[in-house]
Amino acid sequence: MESFRLTKNLSKARKRSIRMRIKNRIKKKYLIETLYGNKCLICGEFNTKDHIRTFNFCYVDPRRKTCQASDLFNTYTCSEIADILEKEKGVYICSNCHTVLDMDYYDIIEDIYDSEEIIKKVKDDYHRVKNRIEKISKISLQNIKDPLTKNKIFAIRENVIVYFNAIYELSQENINITNKSISKKSGIDYSGVKSFFFRRRDFLKRYINFDIGSPTIYKLTQKGENFVSLINYFRRHFQTLELNECVDCKYRRENECIANKPDQCPFIKSGTHLPFDLDE
DNA sequence: CAGAGGGAGCCACGTGGGAT
DNA sequence: ATCCCACGTGGCTCCCTCTG
């Protein structure tokens with residue numbers, strides 16, 4: 001959000017709104033894939049990777065409805081949504097299949113179409129979808145966890161990357177990696193470095209080997225090295241994206257957009273090229 | 001004995017989420 | 001969109017213990 005040029009200059013509120021939207025999409029994708037697989041279970045035409053927005057919350061019996069589907073991911077965790085799906089006999093299917101099921105003119109279908117063949121086809125379609133959904137709704141919902149629930153042990157912030165980079169650079173220079181050398185490399189006070197590694201030791205052991213002693217020597221594990229290279233890859237990628245669409249913009253400077261207000265950059269203002277609609 | 005680690009606590013800051 | 005509150009995080013201080 002802070003490195004990507006199309007989002008870094010947006011207002012706090014917009015950034016927050018985008019964060020929430022991304023979070024909700026991840027929750028929705030996780031829930032659907034865990035329960036039904038990565039395609040619409042009725043038609044199999046739409047997948048969760050490319051068409052997540054087309055998946056709708058759908059009731060087998062709308063009389064059970066107690067909440068607004070549009071508020072689900074803003075309001076509830078994945079496991080709570082799973083409970084709602086179970087209690088209210090709801091499912092997520094693609095909007096095409098949803099439309100077939102929500103056919104509110106079913107009872108007057110004979111008055112709409114003249115052709116017996118079409119009437120039969122529409123009715124068959126409706127029953128096919130409804131029967132599939134009744135089977136789906138019996139699927140066990142016990143496996144749903146809450147993958148985005150706040151991790152109370154550790155959150156990766158900018159300074160964490162500073163520590164990892166310092167360790168990585170020190171290892172490249174063949175310097176003993178201790179609290180003292182990390183402090184010197186990162187510019188963070190020795191006591192700050194000390195308490196960081198002390199507090200987070202259990203978690204950090206996944207990425208860093210601790211040779212406890214006087215002094216304690218740190219070393220990145222293979223997983224830690226992969227973590228550092230992945231972080232740096234994405235940072236470079238978003239910082240150096242070509243600005244093809246800004247070719248005539250007066251705020252373009254080489255490979256950087258220096259606009260610092262949304263209305264200075266038409267692409268940021270309109271939301272064009274973002275992977276979502278700002279006003280959705 | 002100096003330097004390093006262990007551990008508790010304080011404070012500032014950022015973020016998420018609810019209310020309006 | 002904005003404000004407010006709760007909470008997590010991390011820098012830092014202080015004191016104690018351990019180690020070479």
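What you see is a predicted model; the values in this text were computed from it and never measured. Labels below follow one simple rule: chain letters A, B, ... track the order of the sequence lines, proteins then strands, and each chain is numbered from 1.
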Original post:
Could a donor-acceptor pair under 3.5 angstrom be found where the side chain of A:Ser191 meets the base of C:dC14?
Top reply: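 No, no donor-acceptor pair under 3.5 Å.
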Atom-pair distance ([atom1] on [X]; [atom2] on [N]), nearest Å:
| X | N | atom1 | atom2 | answer |
| --- | --- | --- | --- | --- |
| A:Tyr190 | C:dC14 | OH | P | 16 Å |
| A:Phe164 | C:dG10 | CZ | P | 11 Å |
| A:Phe197 | B:dG7 | CZ | P | 17 Å |
| A:Phe196 | C:dG8 | CZ | P | 17 Å |
| A:Phe210 | B:dG6 | CZ | P | 10 Å |
| A:Phe198 | B:dA4 | CZ | C1' | 13 Å |
| A:Ile188 | C:dT9 | CD1 | P | 17 Å |

**OP:** Could you list the residues that satisfy side-chain hydrogen bond (donor to acceptor under 3.5 Å, both in side chains) with A:Gln222, not counting sequence neighbours?
**Re:**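 In terms of side-chain hydrogen bond (donor to acceptor under 3.5 Å, both in side chains), with neighbours along the sequence ignored, A:Gln222 is linked to A:Asn226.
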Residues in salt bridge (Lys or Arg N to Asp or Glu O under 4.0 Å) with [X], at least two apart?
| X | answer |
| --- | --- |
| A:Lys121 | none |
| A:Lys28 | none |
| A:Lys29 | A:Glu33 |
| A:Glu173 | A:Lys185 |

[X] vs [N]: side-chain N/O to OP1/OP2 distance below 4.0 Å:
| X | N | result |
| --- | --- | --- |
| A:Tyr163 | C:dG11 | yes |
| A:Asn179 | B:dG5 | yes |
| A:Arg201 | B:dG6 | yes |

Original post:
Is A:Thr216 touching bases, backbone alone, or none of the nucleic acid, heavy atoms closer than 4.0 Å?
Top reply: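 Since only primed, P, OP1 and OP2 atoms lie under 4.0 Å of A:Thr216, the category is sugar-phosphate.
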**OP:** Over 60° means perpendicular and under 30° means parallel, so classify the ring planes of A:Tyr218 and A:Phe197, tilted if in between.
**Re:**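 It falls in the parallel class, under 30°.
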For nucleotides 15-20 of chain C, list the nitrogen or oxygen atoms of the protein found under 3.5 Å from its nitrogen or oxygen atoms, one pair per line.
none

Subject >> Greater than 12 external heavy atoms within 6.0 Å of A:Glu117's CD >> reply: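 It does not: A:Glu117 CD has 12 such atoms or fewer within range.
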